[in-house]
Structure formats: C-alpha cells, structure tokens
Protein chains: 2
Amino acid sequence: MTSHDTPRRATIADVARAAGVATSTASVVFSGKASVAAATRERVLAAAADLGYAGPDPRAASLRRGRSGIVAVVLEGHLRAAFLDPVTTAMMDGLTDGLADLSAGILLMRDDPGDDGSPLSNAPVDAVVLIGCSGRTKASLDIVRSRGLPVVVIEGDAGEGIPRITLDNTAAAADVARHLYDLGHREVALVTLPLDTRGERAPVTQERIDTATVEVTVDRLAGMREVFPTAPAISTGSSLIDEGLLAGRTLLADPATRPTAILAQSDLIAVGVIRAAEELGLRVPEDLSVAGFDGIAADGLGDLVLTTSVQPAVEKGRAAGEQVARMLQGEPGLTLHLTCRFREGTTTAPPSR
Amino acid sequence: MTSHDTPRRATIADVARAAGVATSTASVVFSGKASVAAATRERVLAAAADLGYAGPDPRAASLRRGRSGIVAVVLEGHLRAAFLDPVTTAMMDGLTDGLADLSAGILLMRDDPGDDGSPLSNAPVDAVVLIGCSGRTKASLDIVRSRGLPVVVIEGDAGEGIPRITLDNTAAAADVARHLYDLGHREVALVTLPLDTRGERAPVTQERIDTATVEVTVDRLAGMREVFPTAPAISTGSSLIDEGLLAGRTLLADPATRPTAILAQSDLIAVGVIRAAEELGLRVPEDLSVAGFDGIAADGLGDLVLTTSVQPAVEKGRAAGEQVARMLQGEPGLTLHLTCRFREGTTTAPPSR
DNA sequence: TTGTACGCGTTATCAC
DNA sequence: GTGATAACGCGTACAA
C-alpha cells in the first residue's frame, strides 16, 4: 500500500485507535448495548466526527449479527400492476406496521426467474413474504426454503406446514349474494376478477373455471354460485374501473336480458359497473343494484356508498408481518384465517320489477 | 462446542471439505468467476446438495464485495399514499428496469425519523433514490451523504452537486394552458395538487403559494398563470378522482361564475372534475373543457381521451436507476432534465359562449 | 486448474 | 467500565 491509494473509509477500529480505546468499546458506544463512561463516549464520538466515520457498516453488522433487518416481499408480475390494486397497497402498509420493530424496510421483488437464477437467491434478507400463488411463486418458494428462510404466504397455499394468511373469500362472497337474494333479486349477473394471468374478458364457462389459476377468483365465484347457482358470469382482465365499465356495458346492453343486480368481485369493478349503468340512464340502486368486494375506499364513486364485503387488507399485511417477527424469534409461524365483514351501502335495494 | 448444539448451517468451507477441494474452488463453482473442471464442479455440487448448502450467504458476500445489490427508495409519507399515485408506480417500474443489471431489488423506506434515528442509517444499501423533497427528505439526505452513499433525487432540489432527475413542469403546464387559450377560453379555473403535506382544500392565495413546500404544485401553477395570470385556483388534498370531484363541484356550482375550462394539475383530478361536470348535466367538452397533467392511463374515464401533458414517468425512474448504476461504477452522476409532451385529447374544445 | 492465507468491518464473549 | 480476541462466511491475490 502506497500513500497515493484511494483514501480508505474509516472503520470503527480507526476510530477506536484515534480515541485511544478498544474497538469493542467504540462498538458499544454506537450500538448502545452497554453503558459507557460519559467521558469515553465523548472521546469516541469526537474521534468519529474527526475521521468522518458515519457509524458501523451495516453489511459487516449483518454478517456478525446474522441479521440484515430486511424482509423481502415477492409480488407476481410488474410492480405497477401489483400496486394498481388498492388492496395490495393497503396490505403493504399493514406489513410495514407488523414489521416495524425489527425491520429496516421492505425489499420489493418480482418472482421473475431472470437470467442467472432469481435475485431472491442472493438477496441478504431475513425472511420472505410471498403474495398470491401462481406457478412461479412456487419456484420462489423452493429457493426460499432451501435457504432456510422464514416464509409466510398471503392468499395462497404453499402446502406442508408453511404459515399462511387467508381470507374466507367463499363465505364472504356468499354473504353478499345472500343479501341480494334476501332483497328479492333473482335475475343476477356476476363480474369476476381474472381467472388466470392471461386475463381474458369473456363469459365464464365451467371449463374456464377448471383451468383457472387465480384462487381468489374461483373462491369468490363459488360463494356467489352457492346462492345463485345459474347466474351468468363474465370475467375481467384485471381489477380496474374501466374493466368493470366494459363488463357492465356487456351485461346491461340488452334490456330484455338485463339483470336486476350485478355482483362484482372487486370494488373497482363495481364502480365501473355503476358507471356503465349511469351511461345507460339507469339509476343505482333503483333500477340496478350493484355490490362489490374489498371494502376499500373506492376513488371515483362520489356520494354513493358501495354495498360490499370489507376485507381486512391492512390486517392481512400486519398479520403476515407479525408471523414473520415470531419466526425470527424462533417460534413457529401460525396460519391465520381472517374474515371479511359484510357492509350494506346505498347501491343495493329491492328490485323494481 | 458439544455435540448437542443446534446443528450449524453448512458453510462453503464444509462443502469444500466434503468434496475434497479447497474453499476457493468451491467458491468459484458458485460464483462462476473462473472455469472449473467439470468433474470437480460435479463433486462440489453433489457435496452441497448432500449438506443442504444453498449457496453463499448473501450477508457474507456483501461484506466481502462491499456491495449488497440493494438500492433504497425513500418515499415521503405512507407507502399507501405514495402508491395510490399511478405516476409513482410507473416511476418505480422504470427504476427497477434501470437498476436491473446490478440490483437485487429496491428497498422501500419512509423518510420517517422513527425512534432511534432513521432506519436509513442501518440499512445495507449501495445507493439511495430520494423522491420528492419535503423538509424531512432533507434529513434523509444528510444521513445518506454522511454515509457516503451515491444518491439521486427525483423531482426535488437537493442542492450542491447532487444528481437529480427533473421535469419541465412549468413549461409543460404553460403549454396546456396555451392550448386552451388558443381555443378561445378566457374564463378558466385551476385545480392544483396539494401545496404542502397538510393538503388543505381551499382557494389558493398568494400567501399560500409563498409558504408552499411541494415544488411540483408551485411549478405547474406558475406555468398556468403565465397564460392565465388571474385565473382562480383551488387546491386539493391529494391527487385523487374524488378530490377532483369536490373541487369541480365547488368551481361549477354557480352558473354565473362558471368557467368555460378547468385546468387540473393531475389526470386523476381532471377525471374527478369531469365527473362533477357530468353530475351537473354539463357535457365535456361542449359545455366545459377539461385538461389534466401526467398522461397516465387514467382509469375511470371511459371513452374520453384526456387532453393533458404526458410526463415521462417511467423514463424518470429509469433515468434515476441508470444514474445510480453509473455512480456505483465510480463515474459521476448526471442531472437530467426530462420534458413532457402535450397531448390533445377529446376533453377540450372551443368555448360555446 | 487447485490450494493457502488473509482480510472485509463488526460484534459477542469473556477476563480484567 | 474497559480491553483483548475470536469468530461471522466469504472472495481473491498469490503461489504451486
């Protein structure tokens, strides 16, 4: 090493030397894990300031501690698509809460295989939260398990003793359907979430249900069909207002076959259906009842309050975070089943005919 | 160490020993940084599988390499609020792209001081991207700089040679305004983004402008006022359809003072204004012209195409990612000024009166 | 192509 | 309250 090398960043050892104390003492000054004489602490801090030392290198600390403080969240598909869904964002918020004590933050990752194996293999994370459960998620799961990382799955079945956070989608969807049934509706149509990643907009056939890969869609559909076994259903490409608008136009086009109520599998879709009704001069709920699912603060609805099933999106995230925290303390992670709560709004009423 | 200790996880040294090779050889097998005889590679892989070794520990690797592969993204406020804005999500998508080569992922962080200093101080990240520029962002910036991490600021001024990615907000807003002026509009009202983090819904006074902290809002307003110096403006609480709806109702309530055109500072707000017009039975663009800003694929607009200024949101993120990548290679980061592009849609037309 | 030896920067453990 | 020392698990010159 000659004197014209790049000036190396100061380390805690340099600071300790400059302050005339042991490195362990300097370390304790920064970590606060033990009490230090005020005078020595001052000397160390002064030396640090002098050398431009900005605290322990997190990389070295992670190695030594065996913890990085980072939890990975694996989403399927583009980030944009994931975050377009208000339920996902609410869940992420809950997750940060549930993780608040131990986590430095949330590492967003796509379950995209990439070139040389998933980045998931090389990320310094302490635990992983998997969201949804496509085929690719399964591959991510294998990597995570072989690394021996704690993992929690939200809305998906990872099998074999992996803790998960689930929703009573089927029962909750049935509740909403029953509400319409009790109001007297018999001519009801359904608008579903995408059945698979292709997201085809088309009538839902039994064959399509059998080959569907999105569990949520199938579960909610099953609940609705418990009450209305023969109700026609149409699938959307994603959970968006404009998707609901398209589906609504299709379903409402022909006055002869027009349903008296439409059940949507998400609030955004329901908002779109309402807009389609307004376009056609139909009043909600007088001429058409519309119900959604999720219970998010739907933007774009104006004064109406949507009849829906409120899912505990934030709690879902928080629960996942808490299970991760438990597992990091060595306790086993628990599988939790959360329940939705029916909420009657102003978009449903008895049929007029 | 007694035999009833917790079984320690296998390390690369264990694998090498089991395979009868040197640790360096085993290391190379996993990193692929040099060629290894096929036979030895097999032996190493077999030994690894045998011991349940899942590849090098990323924490140790980061220390050794001096890189973690993680880039932090600091957002202001709740994650939910940030991701509710489609511009932000589009930007994040671009960021992941621009970072694709070197990054394991992006670490989401709030610029929330927290209890014991920002988590930003202890996160093992290689670089930081700051978004927006509130007062608190300034604090985050100090931490980052003292740690000597490369940093890029999007839509904000960090001062003193910190690379940033900016938009020509003022000029672009003026372009949109000029379009309306050229169509013949003289009675124009403005709806702005929030002026500060409080997000008060109220008429915009000069005093409020002077104390505003959100640069984007002020810049776009300046551009609009270049063309319509005396146009009344009203601020929203955030960039949401329902916020636009509220503002629209206020501005359109009184037929006597009703403007012939409304300029909104975001597309979502514009969508809300259009809904307010529809509520009142006003046709867009015949009775009222509406223009937005952002050029996002606005959900909930139906068949109308919004007249707006299309901002390169994805490019903004990508550019930030690329500058980060550059800085990590030791080259200086560049400040980039991106420009918006005016797009005429079907929501603006000459005034009818 | 393979092996040896060292350092990356920190923190936990113990003795003083 | 403070100090010496040994890991933590890996990558990489360098020598063989």
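First the proteins, then the strands, lettered A, B, ... as listed; each starts at 1. The figures here come from the full heavy-atom set of this structure, side chains too, leaving out hydrogens, waters and symmetry mates.
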(message) I'd like to know if B:Arg145 and B:Asp142 make a salt bridge, using a cut-off of under 4.0 Å between side-chain N and carboxylate O.
(response) no
(message) Applying ring pair (Phe, Tyr, Trp, His ring centres under 6.0 Å) as the test, list every pair that has at least one member in residues 145-167 of chain A; sequence neighbours left out.
(response) none
(message) Counting the atoms with a prime plus P, OP1 and OP2 as sugar-phosphate, which does A:Ser62 contact under 4.0 Å by heavy atoms, base, sugar-phosphate, or nothing?
(response) nothing
Residues 321-337 of chain A side chain polar contacts: donor-acceptor under 3.5 Å, at least two apart:
unit_1: A:Gln323; atom_1: OE1; unit_2: A:Leu334; atom_2: N; d: 2.7
unit_1: A:Arg326; atom_1: NE; unit_2: A:Pro332; atom_2: O; d: 3.3
unit_1: A:Arg326; atom_1: NH2; unit_2: A:Pro332; atom_2: O; d: 3.0
unit_1: A:Thr335; atom_1: OG1; unit_2: A:Arg164; atom_2: N; d: 3.2
unit_1: A:His337; atom_1: ND1; unit_2: A:Thr166; atom_2: OG1; d: 2.5

(request) Using five base pairs at each end, measure the axis-to-axis angle across the helix from C:dT1-D:dA16 to C:dC16-D:dG1 and round it to 10 degrees. (result) 30°
(request) Using the salt bridge (charged side-chain N to carboxylate O under 4.0 Å, His left out) rule, collect all pairs that involve residues 22-31 of chain A, keeping only residues at least two apart or in two chains. (result) none
(message) Need two values: the first and the last nucleotide of DNA chain C, 5' to 3', having an atom under 4.0 Å from any heavy-atom of chain B.
(response) C:dT1 to C:dG9
(request) Check salt bridge (charged side-chain N to carboxylate O under 4.0 Å, His left out) between A:Asp196 and all other residues, then give those that pass, not counting sequence neighbours. (result) A:Arg198
(message) Distance check, rounded to the nearest 0.5 Å: B:Leu108 atom CG versus A:Ile70 atom CD1?
(response) 11.5 Å
(message) Taking any heavy-atom pair under 4.0 Å as a contact, classify B:Ser35: base, sugar-phosphate, or nothing.
(response) sugar-phosphate
(message) For the CZ atom of A:Arg318 and the CD1 atom of A:Ile165, what is their distance to the nearest 0.5 Å?
(response) 12.0 Å
(message) As a test of understanding, state which of A:Val73, A:Thr88, A:Val129 forms a side chain to side chain contact (heavy atoms under 4.5 Å, CB included) with A:Ile154.
(response) A:Val129
Less than 3.5 Å apart, which donor and acceptor atoms pair up between the side chains of residues 50-60 of chain B and the rest of the protein, not counting sequence neighbours?
unit_1: B:Tyr53; atom_1: OH; unit_2: B:Gly55; atom_2: O; d: 3.4
unit_1: B:Asp57; atom_1: OD1; unit_2: B:Arg59; atom_2: N; d: 2.7
unit_1: B:Arg59; atom_1: NH1; unit_2: A:Asp126; atom_2: OD1; d: 3.0

(request) Mind listing the closest non-hydrogen atom pair of B:Val151 and B:Pro163 along with its distance? (result) O-CD, 3.6 Å
(message) Please encode protein proximity along nucleotides 9-16 of chain D as a string of B, S and -, counting only heavy-atom distances under 4.0 Å.
(response) BBBB----
(request) Could you list by number each residue of residues 41-52 of chain B showing a heavy-atom separation from DNA chain C of less than 4.0 Å, or answer none if no residue does? (result) none
(request) Mind jotting down which residue pairs meet the side-chain hydrogen bond (donor to acceptor under 3.5 Å, both in side chains) criterion with at least one end in residues 22-49 of chain A? Sequence neighbours excluded, please. (result) none
(request) Check side-chain contact (heavy atoms from CB on, under 4.5 Å) between A:Val87 and all other residues, then give those that pass, not counting sequence neighbours. (result) A:Asp85, A:Asp294, A:Ile296, A:Gln311, A:Ala313, A:Lys316
(request) Can you sort out the partners of A:Arg65 under salt bridge (charged side-chain N to carboxylate O under 4.0 Å, His left out), two or more places apart, ordered by chain and number? (result) none
